[in-house]
Amino acid sequence: EQQEEDVLRELRLFLRNITERLSLDRRFKAFTKPVDIEEVPDYILVIKKPMDLSTLLTNIDESKYVTVGKFMSDADLIWRNALEYNPDSDPMDRHIRHRAYALKDTIRAIIRDELDEEFERVCEEIRESR
Ligand SMILES: COC(=O)N1C[C@@H]2C[C@@H]3O[C@]2(Cc2nccnc23)C1
């Protein structure tokens with residue numbers, strides 16, 4: 001009903017705000033757009049589910065996420081994929097892995113500091129009711 005739509009609108013605003021802040025952080029430039037398949041043809045052979053911050057934003061706009069938990073699963077793909085695709089000891093791989101871990105820690109810190117547990121519980125109730 002209307003109250004549920006109000007909750008889901010607030011969830012989209014919360015998730016959009018987080019995603020836009022991450023996209024503005026220069027450390028996370030490599031994560032802002034999908035990896036270019038022309039430039040990196042083997043990427044989709046290695047990474048089954050590519051994810052990036054611009055795709056997260058599109059998913060939010062399309063109301064794909066009914067809970068913060070569902071958003072976190074896709075957001076976590078971004079840094080997990082980077083660790084998986086860039087495992088080597090060369091400086092380039094190490095560099096993007098440091099940024100992947102920084103992304104992981106930043107997402108968790110924002111959620112811990114800014115997500116009201118009661119609000120997430122209301123979102124879970126809506127998910128279960130659908
Ligand atoms: C999230 O970003 C990544 O996982 N990557 C891996 C790719 C390998 C390397 O860096 C990336 C883009 C790229 N393009 C051209 C040549 N080499 C590269 C970004």
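Just so you know, ligand 1 is whichever comes first in the structure, and atom 1 is the first atom listed for that ligand.
The contact set between ligand 1 and V35, taken as ligand atoms under 4.0 Å from a residue heavy atom, comprises 1 (C), 2 (O), 3 (C). Taking every heavy atom of F31 and a limit of under 4.0 angstrom, the matching atoms of ligand 1 come to 1 (C). Residue-ligand proximity, A30 to ligand 1, at heavy-atom distances under 4.0 Å covers atoms 1 (C), 2 (O).
For atom 9 (C) of ligand 1, the nearest protein heavy atom is 4.0 Å or more away. Shown here, atom 2 (O) of ligand 1 is in close reach of the protein: a heavy atom of it lies under 4.0 Å off. Distance screen at 4.0 Å: atom 15 (C) of ligand 1 has a protein heavy-atom neighbour inside the cut-off.
Shortest contact from atom 11 (C) of ligand 1 to any protein heavy atom: V40 CG2, 4.5 Å.
Residue I78 does not touch ligand 1, judged by heavy-atom distances below 4.0 Å.
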Walk me through it: do H95 and R99 pass the test side-chain hydrogen bond (donor to acceptor under 3.5 Å, both in side chains)? CA-CA 7 Å; H95 197 54; R99 290 170 162 176; 3.2 Å; yes
Step-by-step salt bridge (Lys or Arg N to Asp or Glu O under 4.0 Å) determination, E124 to R127: CA-CA 5 Å; E124 297 285 355; R127 182 178 54 77; 2.6 Å; yes
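Among I96, D42, N86, V46, the residue whose heavy atom lies nearest to atom 6 (C) of ligand 1 is N86.
Listed by chain and residue number, Y85 satisfy the ring pair (Phe, Tyr, Trp, His ring centres under 6.0 Å) test with Y43 (two or more places apart in sequence, or in another chain).
Classification of E4 and R130 as a salt-bridged pair holds, one side-chain N sitting under 4.0 Å from a carboxylate O. Ion pair K49/D74 flagged as a salt bridge, since at least one NZ, NE, NH1 or NH2 atom sits closer than 4.0 Å to an Asp/Glu carboxylate oxygen. A salt bridge does not link R108 to D105: none of the charged side-chain nitrogens sits closer than 4.0 Å to a carboxylate oxygen.
No side-chain donor-acceptor contact under 3.5 Å links D42 to the backbone of L45.
Some N or O of E39 is nearer than 3.5 Å to an N or O of ligand 1, by distance alone.
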